[in-house]
Amino acid sequence: AAAAAAAAADGDSRATYSGWRYYPKPQGCMSKKGLVFKVSKADRERGYFTQQRIDKAARVFRRCGVVVISGALTAEQTESFKNAVDEEMKPILESRTRVRSLLKSSMLGMGSPRKLWESNANGLRNEGFFTRGHDFRERNDGRIDMRVNPSQEAFRDPELLVNPFAFPILLKLLGEKLELKSMHAIQALPFSEGASRKPQHWHRDTGLLFPNDGHFHISDVHNKTGGLHLPPYAINQFVQLVNASKSNGPTEFSLGSHQWGTKWIDDEAEGVVDASFYVKEGSVILMDYRTVHRGTVNKSPARRPMGMLIWGRDWWSDSINYPSSCGSKMQGHNEGLTDNLIRAMREKGALGSAVLAIDSYFDTEAKRDIVLNYKEDNLSTGDNRRVSDSNRISPCGTPSLVERRANYFRICVNGWGESLAQELRDQHS
């Protein structure tokens, strides 16, 4: 009875009913208080959270759609990951700078983008920003999302891929058949590199699994009248690589919005709390894939890098944002990495506890391909992409066959128009 009362006070649906219920006010997520779980000195020495804290974090996530783990990575792990992200994105960002420079020169000379492309000035058509378009996307001006090559050692660190503080929470929310779908490097650029001076639009990364339409309708799911909301099928794991502050444009979340239906703009008008988390580097933010969020403006003079791991149930893939990886699920189990993970967890004393049944999780009969390699076709050059992938209408930074580069160039020109004009005004004011 005492346990049920505690669970009810913390918003655990098990206390009164089965299933995932929409949490109405005042049980709804009306504050970011209680969403941050700090890794204490004792936690670090132990190597994992207690089962009680894991359970609480999962309950908070179910209610709010966001949970923060402060200090999940050590300073050394964070620095190693940041250096790898910088190195991976360096050629793309350098290519982007060259392309934008050519466009600004053309604009000053009253030229046209079409003539610039046809002239192939400075080898424009062979710039990596177009030939490697399948690797990344620029979402709004200056927000770069790039799938990373996991061959670098920093991207294969077991405590990064299967972090002992974050992974047990993921396991509890997604179940034992969860899979690592993809790994990404994110860069929010400053104004000096052509970033937008407006915040990103509010959005979900994908739609609901069962949205209402003209024919299909579920009246008692994702609504405020006491209906159900479905359990998570995918979770973003953001890794903070620099300290987040008001000035460098951290992600902003609408708390509890993972429970909303398709017409969520009405919910926004009813006093919903929007929150950013000014946490230190090495912290991890877990976000339900349905949570409404946006990137804010990076007003600082420096880039804001971030890592992102996308976890999902085995039957799910993101065919909207990353169609070229749909179905591959990063297959190809890495025996050595799994062995290292088990060894590291055993040394920390986590094995044999209620926190992670890691031995059974990775035994020979139940290997779940958590830490995996990308298929070769996900790392091929842009000109060797499958034609089916190139048929999708996508923003700047998409699978780019040779005959499609001109089209992606036009998309970039249109998308960059405002920021290029602002840069020219700044330079000549």
Side-chain angles (χ1 to χ4, degrees), residues 28-41 43-44 49 53 56-57 60-61 63-83 85-86 139-140 142-145 160 163 165-166 169 184-193 195-205 235-258 268 271-289 291-309:
C29 197
M30 303 307 296
S31 167
K32 64 181 183 180
K33 181 180 180 181
L35 272 63
V36 179
F37 292 77
K38 185 176 181 179
V39 176
S40 66
K41 183 179 180 180
D43 294 325
R44 180 70 63 190
F49 282 144
R53 293 196 78 193
K56 183 174 182 180
V60 169
F61 185 93
R63 187 172 72 250
C64 298
V66 181
V67 157
V68 181
I69 306 171
S70 177
L73 274 65
T74 65
E76 293 76 15
Q77 290 170 333
T78 304
E79 183 67 17
S80 176
F81 190 25
K82 180 180 180 297
N83 291 339
V85 165
D86 290 342
R139 307 181 187 282
N140 303 82
R143 303 180 196 281
I144 314 294
D145 174 352
L160 168 66
N163 181 267
F165 299 103
I169 302 170
H184 302 251
I186 310 292
Q187 284 279 11
L189 303 180
F191 294 158
S192 62
E193 296 188 66
S196 174
R197 305 196 177 200
K198 298 177 181 177
Q200 194 178 21
H201 64 284
W202 288 103
H203 65 282
R204 279 174 167 148
D205 284 343
I235 293 174
N236 275 338
Q237 178 179 337
F238 299 113
V239 182
Q240 305 298 307
L241 299 179
V242 295
N243 295 338
S245 67
K246 290 183 179 180
S247 65
N248 65 4
T251 305
E252 189 173 18
F253 307 90
S254 283
L255 304 182
S257 57
H258 64 306
E268 190 175 288
V272 171
V273 173
D274 301 324
S276 294
F277 299 92
Y278 308 120
V279 291
K280 293 184 177 181
E281 61 183 24
S283 298
V284 162
I285 299 177
L286 302 180
M287 182 195 79
D288 192 299
Y289 222 64
T291 296
V292 176
H293 62 287
R294 66 175 179 176
T296 57
V297 179
N298 182 3
K299 300 176 182 178
S300 76
R303 298 171 179 172
R304 180 177 62 82
M306 182 171 65
M308 181 175 74
L309 284 67

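Heavy-atom basis, side chains included; hydrogens, waters and symmetry copies ignored.
- The shortest distance between side-chain heavy atoms of K32 and F253 does not fall below 4.5 Å.
- Summarising the geometry of K82 relative to P305, their closest heavy-atom pair is CE-CG, 4.1 Å, with the distance given to 0.1 Å.
- Sorted by first then second residue, the salt bridge (charged side-chain N to carboxylate O under 4.0 Å, His left out) pairs that include residues 236-255, not counting sequence neighbours, are E252-R294.
- Heavy atoms only, all atoms of each residue included: F61 and L286 are closest at CE1-O, 3.5 Å.
- Among residues two or more places apart in sequence or in another chain, the side chain to side chain contact (heavy atoms under 4.5 Å, CB included) test is passed with N243 by K280, E281.
- For T296 (side chain) and P250 (main-chain N/O), a donor-acceptor pair under 3.5 Å exists by modelled atom type.
- For S192, the side chain to side chain contact (heavy atoms under 4.5 Å, CB included) partners are P190, not counting sequence neighbours.
- Formation of a donor-acceptor pair under 3.5 Å by the R44 side chain with backbone atoms of G71 is found in this model.
- When side chains are defined from C-beta on, M287 does not count as touching T251, because their heavy atoms never get closer than 4.5 Å.
- Rounding to the nearest 0.5 Å gives a distance of 4.0 Å between CD1 of I186 and CE of M308.
- If you take OG on S70 and CZ on F165, they are separated by 11.0 Å, rounding to the nearest 0.5 Å.
- The distance from the NE2 atom of H293 to the CG atom of D274 is 12.5 Å, given to the nearest 0.5 Å.
- In terms of heavy-atom proximity, G282 sits nearest to T78 at CA-OG1, 3.2 Å.
- Interatomic distance, CG of D205 versus CG of D288, reported as 10.5 Å (0.5 Å rounding).
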Step-by-step side-chain contact (heavy atoms from CB on, under 4.5 Å) determination, K299 to F191: CA-CA 7 Å; K299 300 176 182 178; F191 294 158; 4.2 Å; yes
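- For the residue pair S80/N83, the side-chain donor-acceptor check at 3.5 Å is not satisfied.
- For the pair H201 and H203, the tightest heavy-atom approach, listed with the atom from each and the gap, is O-ND1, 2.9 Å.
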What verdict does the side-chain contact (heavy atoms from CB on, under 4.5 Å) test give for N163 and I69, after you've listed the backbone C-alpha separation in whole Å, the side-chain angles of each residue and the deciding distance to 0.1 Å? CA-CA 11 Å; N163 181 267; I69 306 171; 5.5 Å; no
Yes or no on side-chain contact (heavy atoms from CB on, under 4.5 Å) for F37 and K56, after CA distance, side-chain angles and deciding distance? CA-CA 10 Å; F37 292 77; K56 183 174 182 180; 4.1 Å; yes
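- For the atom pair CE of M306 and CD1 of I285, the computed distance is 7.5 Å after rounding to the nearest 0.5 Å.
- Across all non-hydrogen atoms, the minimal contact from S196 to V297 is O-CG1, 4.0 Å.
- Interatomic distance, CG of L255 versus CZ of R63, reported as 10.0 Å (0.5 Å rounding).
- Side-chain N or O atoms of R204 include one that pairs as donor or acceptor with a backbone N or O of S257 at under 3.5 Å.
- The minimum heavy-atom distance linking A185 with V85 is given by the pair CB-CG1, 3.6 Å.
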Starting from the C-alpha separation in whole Å, work towards a yes-or-no answer on side-chain contact (heavy atoms from CB on, under 4.5 Å) for N298 and L189. CA-CA 7 Å; N298 182 3; L189 303 180; 5.8 Å; no
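- Inter-residue side-chain proximity for Q77 and L160 is flagged as unmet; no heavy-atom pair is nearer than 4.5 Å.
- Side-chain atoms of C29 and L35, non-hydrogen and from C-beta on, do get closer than 4.5 Å to each other.
- With a 4.5 Å cut-off on side-chain heavy atoms, D86 and Q187 count as touching.
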